[in-house]
Amino acid sequence: MLDIKFVRDNVDAVAEALARRGFQGSFDEFLESNRRRLALLKEAEELRNRRNTVSQEIGRMKRSGIDASEIMAEMKSVGERIRLIEEDIRIIEDKQSEFLLNVPNMPHRSVPVGRDETENVEIRRWGEPRRFDFEPLNHWDIAERLDIIDFQRGAKIAGSRFAVMKGMGARLERALMNLMLDEHTSRGYKEIFPPLMVNRASMTGTGQLPKFEAELFRVLDPEYYLIPTAEVPVTNLHREEILNELDLPIYYTAYTPCFRREAGSHGKDVRGLIRQHQFNKVELVKFVRPEDSYNELEGLTLDAEAILQKLNLPYRVIVLCTGDMGFSAAKTYDIEVWLPGQDRYREISSCSNFEDFQSRRADIRFRRDGKKGTEYVHTLNGSGLAIGRTVVAILENYQQANGSVLLPEALRPYMKAEVIE
RNA sequence: GGAGGGGUGGCUGAGCGGUUGAAAGCGGCGGUCUUGAAAACCGUUGUAGGAUUAUAUCCUACCGUGAGUUCGAAUCUCACCCUCUCCGCCA
């Protein structure tokens, strides 16, 4: 959510920044209703002030036995007027927050302007895509031959976009989870295992709601939402809290399953493990001081890259252009891993700085050491990494001519094996 | 699921429907004392919105959340949320 006062005082700059990411709305009505709200607020406060002082006077009169029925009657009508004004204010505020909750974040000035993913900009590459002396297979062919992923039965017991991991496939999933958590905790991230279902306030805090309800799985009675990423519960850990500057930065890492409706992606990636309704992910989340957040974004991205380097998987880092960024982000790097089976780079991690967009929604503040008052923290998060897609990358990059998969060195202790065959 | 007890400031914990934004203690901060520290003593110590040139002053709101009663509610009523104890059920 954007800052009402900032929007009010910088409408043109805000509108310009949002136009860069393709946002169309107008702020005219918002500004007008904001003016009305302030006028009403002032009126209500003056009336309340009068009521407070007179009510005290009534108390004094009653104690000394003076009849106060006349001013009591007058105050009754003042009370009615306050009630009416408050009702008007409430209506305006509801409309305003509904509007603001649906306005995306402003892109950072370093973000390239562009319309869609074709205008994202590559920042760096790491590793050399391997040359195969045979035709590399898709991961689903590799996995089915090795009998480590069962898509058919996944569909039978749940539906499309579900898979069953079996044997060394299941172990690979578990091994990656451990390798990633070990790596991140050794870099100073605190491990969290949060609830996988959260309430509406949490989903609103990180920006999934109200705009993206269609992408979430929902539990009825009692009402919960399945998390689409650990970002949601982990960022909301500090919702409505005032943190101490000396405790910042806070680094968390969390393994969780993630649940997504994938409502808008019919026909996309229908085969294989790339796009599932349920997938595992290790997430990185940071709470930092505003002045540190862009450095922290670089560090966060490097921490995610470290996993790919350990696994010796070639990748590139791109910065998303204004038109391709997520709703809440001010700047996003995507890490894309090389997939020989698809002959292209595919997203395996997305690392974003949200600045104070989420912290304002979720009311996560901090107090400067020795200073009065509070400020919003900056929040960041990134995948470190999506485990299902890492499985895909390992299968495709490490496949052998005989159909087996040689395991990356770093994974062998976790797998208690050198090869899947 | 059944029965009962609670939700007050950073923490503990008072609070008759009317000088309670809220006692007291702890913690924090400042000071006196001390070579220094501790102890003791004194003072201070929430958040947000608004008025004003102003971190000084003033106003408003906030005692789980939301409605209600009242001239006036932390204090009364209702609903919801959370939490604790006991019983039942259960991985």
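Computed from a predicted model, the values in this text were never measured in an experiment. These values consider heavy atoms only, across backbone and side chains, with no hydrogens, waters or symmetry-generated copies. Chain letters run A, B, ... following the sequence lines, proteins first and then strands; every chain starts at 1.
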Trainee: Considering Watson-Crick and G-U wobble pairs with both distances under 3.5 Å, what does rG4(B) pair with?
Mentor: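 The answer is rC84(B), by the H-bond criterion.
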Trainee: Closest to the Leu38(A) side chain: rA61(B), rG18(B), rG50(B)?
Mentor: rG50(B)
Trainee: Quick one: Asn199(A) CG to rC81(B) C1', roughly how many Å, whole number?
Mentor: 10 Å
Trainee: If you assign each of Glu45(A) and Gly59(A) to its closest nucleotide in RNA chain B, which residue comes earlier from the 5' end?
Mentor: Gly59(A)
Trainee: Where the side chain of Met72(A) is concerned, which of rG18(B), rC71(B), rU69(B) is the nearest nucleotide?
Mentor: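 Nearest to the side chain of Met72(A) among the choices is rC71(B).
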Trainee: Both distances below 3.5 Å, Watson-Crick or wobble geometry, any strand: find the nucleotide opposite rC11(B).
Mentor: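 Because both required distances fall under 3.5 Å, rC11(B) counts as paired with rG25(B).
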Trainee: Are Glu355(A) and Asn105(A) linked by a side-chain donor-acceptor pair shorter than 3.5 Å?
Mentor: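 Judged by distance alone, the side chains do not pair up.
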Trainee: Among side-chain atoms of Ser110(A) and Lys331(A), is any donor-acceptor pair under 3.5 angstrom?
Mentor: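 Result is yes, a qualifying pair exists.
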Trainee: For nucleotides rA74(B) and rU19(B), find the distance between their P atoms and express it as a whole number of Å.
Mentor: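 Looking at atom P only, rA74(B) and rU19(B) are 10 Å apart.
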Trainee: Which part of the nucleic acid, if any, lies within reach of Arg37(A) when heavy atoms closer than 4.0 Å are counted: base, sugar-phosphate only, or nothing?
Mentor: nothing
Trainee: Rounding to a whole Å, what distance do you find between Glu46(A):CD and rA61(B):P?
Mentor: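 From Glu46(A) CD to rA61(B) P: 13 Å.
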Trainee: When the C1' atoms of rU32(B) and rA38(B) are compared, how many Å lie between them, rounded to an integer?
Mentor: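 Going atom to atom, C1' in each nucleotide, I get 15 Å.
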Trainee: Considering heavy-atom distances to RNA chain B, does Arg8(A) or Ala44(A) have its closest nucleotide positioned more toward the 5' end?
Mentor: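 This one resolves to Arg8(A).
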Trainee: Where is the tightest heavy-atom contact between Met168(A) and Ala417(A), given as atom of each residue plus distance?
Mentor: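 The pair with the smallest heavy-atom distance is CE-CB, 3.6 Å.
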Trainee: Quote, to the nearest angstrom, the C1' distance that separates rG15(B) from rG7(B).
Mentor: 15 Å
Trainee: Please state the P separation for the pair rG28(B) and rU8(B) - nearest whole angstrom.
Mentor: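 Result for the P pair: 22 Å, nearest Å.
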Trainee: Looking at rA48(B), I'd like to know if its phosphate oxygens (OP1 or OP2) sit under 4.0 Å from a side-chain N or O belonging to Lys5(A).
Mentor: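 So the side-chain polar atoms of Lys5(A) never come under 4.0 Å of the phosphate oxygens OP1 or OP2 of rA48(B).
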Trainee: Pairing check on rA56(B): which nucleotide meets the Watson-Crick or G-U wobble criteria with it, both distances under 3.5 Å?
Mentor: none
Trainee: Looking only at side-chain atoms of Arg90(A), point me to the closest of rG50(B), rA67(B), rU60(B).
Mentor: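 Given the options rG50(B), rA67(B), rU60(B), the side chain of Arg90(A) is closest to rA67(B).
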Trainee: Should rC89(B) form a Watson-Crick or G-U wobble pair with both distances under 3.5 Å, which nucleotide is its partner?
Mentor: none
Trainee: Select one nucleotide: of rU60(B), rC71(B), rU69(B), the one nearest the side-chain heavy atoms of Ile58(A).
Mentor: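 Output: rC71(B).
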Trainee: Using a heavy-atom cut-off of 4.0 Å across all strands, would you classify Met75(A) as base, sugar-phosphate, or nothing?
Mentor: sugar-phosphate
Trainee: Mind calculating the distance between CD1 (Ile82(A)) and P (rC59(B)) to the nearest angstrom?
Mentor: 16 Å
Trainee: Taking the same atom, P, in rG46(B) and in rA56(B), what whole-Å distance lies between them?
Mentor: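 Straight-line distance between the two P atoms is 12 Å.
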Trainee: Determine the Euclidean distance between corresponding P atoms of rG64(B) and rU75(B); express it in Å to zero decimal places.
Mentor: 8 Å
Trainee: When the distance from CD of Gln56(A) to C1' of rC59(B) is rounded to whole Å, what number comes out?
Mentor: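 Spelled out: CD on Gln56(A) to C1' on rC59(B) is 14 Å.
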Trainee: Categorize Ser69(A) for me: base, sugar-phosphate, or nothing, with a 4.0 angstrom heavy-atom threshold over every strand shown.
Mentor: nothing
Trainee: Looking at Asn49(A), I'd like to know whether one of its side-chain N or O atoms comes within less than 4.0 Å of OP1 or OP2 on rU60(B).
Mentor: yes
Trainee: Let me know the distance between CZ of Arg200(A) and C1' of rC81(B), rounded to the nearest Å.
Mentor: 16 Å
Trainee: Hey, could you give me the CD1/OG1 distance between Ile364(A) and Thr379(A), rounded to the nearest 0.5 Å?
Mentor: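 Going from CD1 on Ile364(A) over to OG1 on Thr379(A), the span is 6.5 Å.
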Trainee: Answer with base, sugar-phosphate or nothing: what part of the nucleic acid does Lys42(A) contact at a heavy-atom distance below 4.0 Å?
Mentor: nothing
Trainee: Measure from CZ on Arg365(A) to C1' on rG49(B) and round the result to the nearest Å.
Mentor: 12 Å
Trainee: Assign Arg367(A) to base, sugar-phosphate, or nothing according to its heavy-atom contacts below 4.0 angstrom with the strands shown.
Mentor: sugar-phosphate
Trainee: Given rU60(B), rU70(B), rG72(B), which nucleotide is nearest the side-chain atoms of Ser55(A)?
Mentor: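 Nearest listed nucleotide: rG72(B).
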Trainee: Heavy atoms only, 4.0 Å cut-off, all strands: where does Ile71(A) land among base, sugar-phosphate and nothing?
Mentor: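 No contact.
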Trainee: Give me the distance, rounded to whole Å, that separates rA48(B) from rG10(B) when you measure between the P atoms they each carry.
Mentor: 12 Å
Trainee: Roughly how many Å is it from CZ in Arg48(A) to C1' in rA61(B), rounded to a whole number?
Mentor: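 Atom CZ in Arg48(A) sits about 6 Å away from atom C1' in rA61(B).
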Trainee: Under 3.5 Å, is there a donor-acceptor pair between the Asp303(A) and Tyr251(A) side chains?
Mentor: no
Trainee: Regarding Glu291(A) and Arg368(A), does a basic nitrogen lie under 4.0 Å from an acidic carboxylate oxygen?
Mentor: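 Salt bridge flag = yes for Arg368(A) with Glu291(A).
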Trainee: Apply the test ring-ring contact (aromatic ring centres under 6.0 Å, His included) to residues Phe217(A) and Phe259(A): give CA-CA distance (whole Å), side-chain angles for both, the deciding distance (0.1 Å), then the verdict.
Mentor: CA-CA 7 Å; Phe217(A) 282 108; Phe259(A) 304 92; 7.0 Å; no
Trainee: Using purine N1 to pyrimidine N3 plus N6-O4 or O6-N4 for Watson-Crick, or N1-O2 and O6-N3 for G-U wobble, each under 3.5 Å, what pairs with rA40(B)?
Mentor: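 Per the H-bond distance test, rU32(B).
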Trainee: Using Watson-Crick or G-U wobble geometry with both distances under 3.5 Å, which nucleotide pairs with rU47(B)?
Mentor: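 WC or wobble partner is rA61(B).
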Trainee: Write down the partner of rG68(B) under the Watson-Crick or G-U wobble criteria, each distance required to be under 3.5 Å.
Mentor: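 Base partner found: rC76(B).
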Trainee: Specify the separation, in whole Å, of atom CZ of Arg81(A) and atom C1' of rU60(B).
Mentor: 16 Å
Trainee: Side chain of Asn52(A) only, heavy atoms from C-beta on: which candidate in rA48(B), rU60(B), rG18(B) is closest?
Mentor: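 From the listed options, rU60(B) comes nearest.
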Trainee: Quick one: pull up CZ in Arg51(A) and CD1 in Ile58(A) and give me the separation to the nearest 0.5 Å.
Mentor: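 Answer for the CZ-CD1 pair, Arg51(A) versus Ile58(A), is 11.0 Å.
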Trainee: Determine the interatomic distance between C1' on rG43(B) and the same-named atom on rU47(B); round to the nearest Å.
Mentor: 23 Å
Trainee: What contact category does Arg51(A) fall into here, base, sugar-phosphate, or nothing, at under 4.0 angstrom with non-hydrogen atoms?
Mentor: sugar-phosphate
